[in-house]
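In what follows, a structure is listed as structure tokens, so that the remarks can point back to it.
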Protein chains: 2
Amino acid sequence: MLSKKTKYGLKALTYIARKKGDAPVRVSEIAESENIPPKFLESILLTLRKSGVLGSKKGKHGGYYLRQDSTEVKMTDVMRVLEGPIAMVPCVSLNFYEKCDDCPDENLCSVNKLMIQVRDNTLKVFRSTTLADLSAT
Amino acid sequence: MLSKKTKYGLKALTYIARKKGDAPVRVSEIAESENIPPKFLESILLTLRKSGVLGSKKGKHGGYYLRQDSTEVKMTDVMRVLEGPIAMVPCVSLNFYEKCDDCPDENLCSVNKLMIQVRDNTLKVFRSTTLADLSAT
DNA sequence: GTAATCCCTACTAAATCGATAGGATTAATA
DNA sequence: TATTAATCCTATCGATTTAGTAGGGATTAC
């Protein structure tokens, strides 16, 4: 299941991308418009900024803005920042690989093989989708 | 992330499917062979039995067995029993649909659209895979 | 009758999730 | 310079889920 964090983060990014102009967008504005708890959203946008997806401006008239054009913001990156690994098991993750405790040889593991297929198909979707696609709708 | 429950369940089903003959397989045998905590595995096989995937025989020489040929055991069914919804958000789930609290209209929701694509691709994998495929490897 | 096996309920420790609280810092502007 | 509006940062918290464990009851083969 997708965490609320990821869901809220995607909605907020979409909201920012849809805004005309480059002026920073206030957390409170997004929170109100998208029905997201403001303090929770604050922490989410903070992690997006720390990861480089968003930039921010402090003080009056401050807020968050995209650091690249929305066509450059890939879902693979956003999802990894917000949700973590895209794979359903660590032993199949490209960016967060970990060996399973119980598995003597993952080449012989039936779960491994199945989850590689799921991962590849999910990656295909995320790789071919940008924030611009989300906000186009 | 895939729960341990699902992972163990898939491994146990694979183990049973690979066994020659129709004799019931003991929980303790599977647990030992697959490095799964026995009491935990017991509860997992119980839910698989209650959902109709496995049958069981009590008493001495008892154990669990497949109720259908492994080519008939679809991953969609197994995954739904063990892991729950295949979709990453309830508003996109075929079998466990629920409306989002925060979303006024899911037809306008960017997350919804993205997650439908992920769901469809994941379903494609699970629909085209049976337990026989897992145990063939 | 005894040993082996599944069946069932209840419990628990640890981790994660979804938030909330409160103040520190920074910037615009009057 | 004082005020106000915003982000920044750390800490905390309650609820839920996860990953088991415990203990006994019921059933069957021999």
Side-chain angles (χ1 to χ4, degrees), chain A residues 1-12 16 23-32 34-67 81-85 88-90 96 98 100-102, chain B residues 1-12 16 23-32 34-67 81-85 88-90 96 98 100-102:
Chain A
M1 280 284 150
L2 209 66
S3 64
K4 296 264 184 186
K5 179 180 172 188
T6 304
K7 190 185 171 197
Y8 291 158
L10 288 172
K11 284 186 153 195
I16 295 171
V25 187
R26 275 176 299 123
V27 171
S28 59
E29 177 187 335
I30 305 171
E32 209 168 321
E34 300 293 325
N35 299 304
I36 303 172
K39 290 296 273 182
F40 191 19
L41 180 57
E42 199 182 316
S43 72
I44 296 167
L45 297 189
L46 208 51
T47 65
L48 284 169
R49 196 219 58 187
K50 283 179 179 165
S51 76
V53 177
L54 290 175
S56 67
K57 190 171 173 242
K58 286 188 189 175
K60 207 166 188 172
H61 300 173
Y64 290 92
Y65 54 88
L66 292 176
R67 296 193 53 181
V81 167
L82 292 173
E83 190 73 6
M88 294 187 82
V89 277
F96 301 82
E98 261 178 76
C100 296
D101 292 341
D102 54 303
Chain B
M1 282 285 151
L2 209 66
S3 64
K4 297 263 185 187
K5 180 181 171 187
T6 303
K7 190 185 171 196
Y8 292 158
L10 287 172
K11 284 187 154 194
I16 295 172
V25 187
R26 273 176 300 123
V27 171
S28 59
E29 177 187 337
I30 306 171
E32 208 168 321
E34 301 293 325
N35 298 304
I36 303 171
K39 290 295 274 180
F40 191 19
L41 180 57
E42 199 182 318
S43 74
I44 296 167
L45 297 190
L46 206 50
T47 66
L48 283 169
R49 197 219 58 186
K50 283 179 180 168
S51 75
V53 177
L54 290 175
S56 67
K57 191 174 174 237
K58 288 187 189 174
K60 205 165 189 176
H61 300 172
Y64 289 93
Y65 54 89
L66 293 175
R67 297 195 50 182
V81 167
L82 292 173
E83 190 73 7
M88 294 186 82
V89 277
F96 301 82
E98 259 178 76
C100 298
D101 292 341
D102 54 305

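On a predicted model such as this, the values are computed, not experimentally measured, just so you know.
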Within a reach of under 6.0 Å around CD of A:Glu32, are more than 12 heavy atoms found that belong to other residues, nucleotides or ligands?
-> no
How about A:Glu98: does its CD atom have over 12 heavy atoms from other parts shown lying under 6.0 Å from it?
->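 Check fails, neighbour count at 12 or below.
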It should be established whether [X] places a side-chain nitrogen or oxygen under 4.0 Å from OP1 or OP2 of nucleotide [N].
| X | N | value |
| --- | --- | --- |
| A:Lys58 | C:dA24 | no |
| B:Arg26 | D:dT28 | no |
| B:Tyr65 | C:dC6 | no |
| A:Lys39 | C:dG22 | no |
| B:Tyr8 | D:dT18 | no |
| A:Ser56 | D:dC8 | yes |
| B:Arg49 | C:dC6 | no |
| A:His61 | C:dA27 | no |

Rounding to an integer number of Å, can you tell me how far [X] [atom1] sits from [N] [atom2]?
| X | N | atom1 | atom2 | value |
| --- | --- | --- | --- | --- |
| B:Met1 | D:dA19 | CE | P | 12 Å |
| B:Leu46 | C:dA10 | CG | P | 14 Å |
| A:Leu41 | C:dA19 | CG | P | 11 Å |
| B:Glu42 | C:dT5 | CD | P | 12 Å |
| A:Glu83 | C:dT16 | CD | C1' | 12 Å |
| A:Asp101 | D:dA19 | CG | P | 12 Å |
| A:Lys5 | C:dT16 | NZ | C1' | 11 Å |
| A:Leu82 | C:dC17 | CG | P | 12 Å |

First locate atom [atom1] of [X], then atom [atom2] of [Y], and finally report the distance between them rounded to the nearest 0.5 Å.
| X | Y | atom1 | atom2 | result |
| --- | --- | --- | --- | --- |
| B:Leu48 | B:Lys5 | CG | NZ | 8.5 Å |
| A:Asn35 | A:Ile30 | CG | CD1 | 13.0 Å |
| B:Lys11 | B:Ile44 | NZ | CD1 | 11.5 Å |

Among D:dA19, C:dC7, C:dA4, find the nucleotide with the atom closest to the side chain of B:Lys60.
->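 It is C:dA4.
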Please tell me which of the listed nucleotides, C:dC7, D:dT4, D:dG20, lies nearest to the side chain of B:Tyr64?
-> C:dC7
Residue closer to the 5' end of DNA chain C, B:Gly62 versus A:Leu2 (nearest nucleotide) = B:Gly62
Find which nucleotide of DNA chain C each of A:Ser3 and A:Lys57 is nearest to by heavy atoms, and output the residue with the more 5' nucleotide.
->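 Nearest nucleotide further toward 5': that of A:Ser3.
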When all nucleic acid strands are considered with a 4.0 Å heavy-atom cut-off, which category describes B:Lys50: base, sugar-phosphate, or nothing?
->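 The residue B:Lys50 makes sugar-phosphate contact but no base contact.
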Does some side-chain heavy atom of A:Leu2 sit less than 4.5 Å from a side-chain heavy atom of A:Glu83?
->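 Yes, at least one pair of side-chain atoms sits under 4.5 Å.
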